[in-house]
Amino acid sequence: MGYGSYTAGDWSKLKESRPSIASGSTNQIFTSNEMDSKFDPKFIDQREARDSEEHPFSTPLLIGVDVTGSMGYLSTQIIKESLNELMQKLYSTDMIRDPQLLFAAIGDATYDAAPLQITQFESDIRIAEQLLGLWLENGGGDSPEDYELLWYFAHKHTDIDCYNKRRQKGFCFTIGDADFHKELRADSIQRIFGDQSAVTVSSEELAKLASEKYELFHITIGDTTKNASDIIPGRVLTIAKSEIQYLPEVIISVAQLAKGMEEKEVLKQWGELARKVVKKSITLLCIGQKKEIHF
């Protein structure tokens, strides 16, 4: 997948057809009351990010968002503001060539009916159209949540030309306010993905496997005491809930650093407020010009 290109005009047309995007509540924007089978990983063999004549250097970008409990506001923020800003800034900075986005709604493997939902890789307004079709179950336990589900999917169920053809990695961001589970149990893998031969695997091992094809990062909302840094050291960012409007700048900046851009060059492209948020969020990172981390 990944045909077409994202335009501000297409975004405006979508908002006109869905007035709730601009002013609606989370429940008014995300109206699904069950998981659509096309987003169910049990029925997905591979999600593909392919090169094409239009996009010869496809770069897959996976963004997994915690949609449990109080985190529903983040999905609302993304569809109302962040997605449009992210896509326009991705194209304007041109550091990430031919971006193809896949969104994942992440919940809890133990408690949720839909602990993972996966869209297609897309390059145009279909990114937003699919995002609107996700089910915000509002479930989950108290903590942790199963961000590592996306790592498993990225490793086992994506096929990406950037790695197959050029040995270049895609990018995978998970975002949320809870701890990671320490392992992904075999029974959860079998139930969620339908992979009947699966065995229990630690989150650290899943990170190593997924990092073969993807640069992994986790964005913690608010609390800096979560355990993500124990699992993917040097790859964890922190951003305050009041600063989430700057998620596009943070995501792009991290990708630019991973591609070797110097920190001072990354920071100077943003306005004063965004620059402060980005600089603070990347403090604990060890990538690019800072220091390369190998899992």
Side-chain angles (χ1 to χ4, degrees), residues 1-2 32 34-50 60-68 71 75 100-122 127 130-131 133-141 143-161 163-164 169-176 178-218 228 231-232 295:
M1 304 296 287
S32 297
E34 62 181 358
M35 176 168 52
D36 191 318
S37 60
K38 68 184 177 184
F39 302 135
D40 188 340
K42 190 182 303 175
F43 303 116
I44 301 169
D45 180 29
Q46 297 287 317
R47 287 297 198 221
E48 300 175 347
R50 298 297 189 205
L61 178 59
L62 285 68
I63 300 178
V65 180
D66 181 348
V67 297
T68 61
M71 289 301 294
S75 302
Q100 297 185 6
L101 267 68
L102 175 155
F103 274 97
I106 299 174
D108 189 283
T110 301
Y111 296 96
D112 291 350
L116 184 67
Q117 299 169 76
I118 300 286
T119 71
Q120 293 273 8
F121 285 110
E122 298 289 3
I127 301 167
Q130 289 187 90
L131 184 57
L134 296 175
W135 176 32
L136 267 61
E137 186 176 0
N138 197 32
S143 182
E145 307 300 351
D146 284 284
Y147 306 106
E148 64 278 357
L149 289 171
L150 183 57
W151 294 347
Y152 182 90
F153 185 88
H155 169 61
K156 294 280 287 186
H157 295 282
T158 65
D159 194 5
I160 56 175
D161 278 354
Y163 183 77
N164 296 338
K169 294 184 180 183
F171 295 91
C172 180
F173 289 84
T174 48
I175 308 172
D179 278 329
F180 277 74
H181 282 289
K182 294 182 178 180
E183 64 182 17
L184 183 57
R185 299 196 316 267
D187 62 316
S188 295
I189 296 172
Q190 292 164 6
R191 176 172 58 85
I192 296 166
F193 299 98
D195 296 347
Q196 297 306 314
S197 61
V199 296
T200 296
V201 58
S202 70
S203 294
E204 288 91 343
E205 182 61 24
L206 281 175
K208 291 177 182 178
L209 293 170
S211 69
E212 293 173 5
K213 296 191 294 186
Y214 295 94
E215 300 282 3
L216 301 187
F217 301 96
H218 182 71
I231 298 171
I232 47 171
F295 291 106

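Remember, it's a predicted structure, so these values are computed and weren't measured experimentally. FYI, the numbering just counts along the sequence from 1.
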Minimum heavy-atom separation for [X] and [Y], please, with both atom names.
X      : Y      : result
Asp40  : Ile44  : O-CG1, 3.3 Å
Ser37  : Phe43  : O-CD1, 3.8 Å
Leu61  : Phe121 : N-CE2, 4.3 Å
Ile189 : Ala198 : CG2-CB, 3.2 Å
Glu212 : Tyr163 : O-CE1, 3.1 Å
Asp108 : Pro115 : O-CB, 3.5 Å

If you measure from [atom1] on [X] to [atom2] on [Y], what distance do you get to the nearest 0.5 Å?
X      : Y      : atom1 : atom2 : result
Glu148 : His218 : CD    : NE2   : 10.5 Å
Arg191 : Lys42  : CZ    : NZ    : 8.0 Å
Lys38  : Gln117 : NZ    : CD    : 11.5 Å
Gln46  : Ile160 : CD    : CD1   : 10.5 Å
Asp112 : Met35  : CG    : CE    : 10.0 Å
Leu62  : Phe173 : CG    : CZ    : 10.5 Å

Side-chain donor or acceptor of [X] paired with backbone N/O of [Y] under 3.5 Å:
X      : Y      : result
Thr68  : Gly107 : no
Gln100 : Glu122 : no
Lys169 : Ser211 : yes
Asp146 : Ala109 : yes
Ser203 : His181 : yes
Glu145 : Ile106 : no
Gln130 : Gln120 : yes
Arg47  : Ile118 : yes
Ser32  : Gly133 : yes

Residues Ile175, Ile63; criterion side chain to side chain contact (heavy atoms under 4.5 Å, CB included); working and verdict: CA-CA 8 Å; Ile175 308 172; Ile63 300 178; 3.9 Å; yes

Taking side chain as C-beta onward, heavy atoms only, is [X] less than 4.5 Å from [Y]?
X      : Y      : value
Phe193 : Lys156 : no
Tyr147 : Asp66  : yes
Thr158 : Pro60  : no
Asn164 : Arg50  : yes
Trp151 : Ile232 : yes
Phe103 : Ile127 : yes

Glu34, CD: over 12 other non-hydrogen atoms inside 6.0 angstrom: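 No, the 6.0 Å shell around CD holds no more than 12 heavy atoms from other groups.
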
Tell me, please, which residues at least two apart from Arg185 pass salt bridge (Lys or Arg N to Asp or Glu O under 4.0 Å).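 Residues passing salt bridge (Lys or Arg N to Asp or Glu O under 4.0 Å) with Arg185: Asp187.
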
Set of salt bridge (Lys or Arg N to Asp or Glu O under 4.0 Å) partners for Asp195, sequence neighbours left out: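 Asp195: no salt bridge (Lys or Arg N to Asp or Glu O under 4.0 Å) contacts found.
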
Parallel, tilted or perpendicular: ring planes of His157 versus Tyr152, cut at 30 and 60 degrees: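 Correct class here is tilted.
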
Side chain to side chain contact (heavy atoms under 4.5 Å, CB included) between Leu184 and Leu149, worked out: CA-CA 8 Å; Leu184 183 57; Leu149 289 171; 3.5 Å; yes

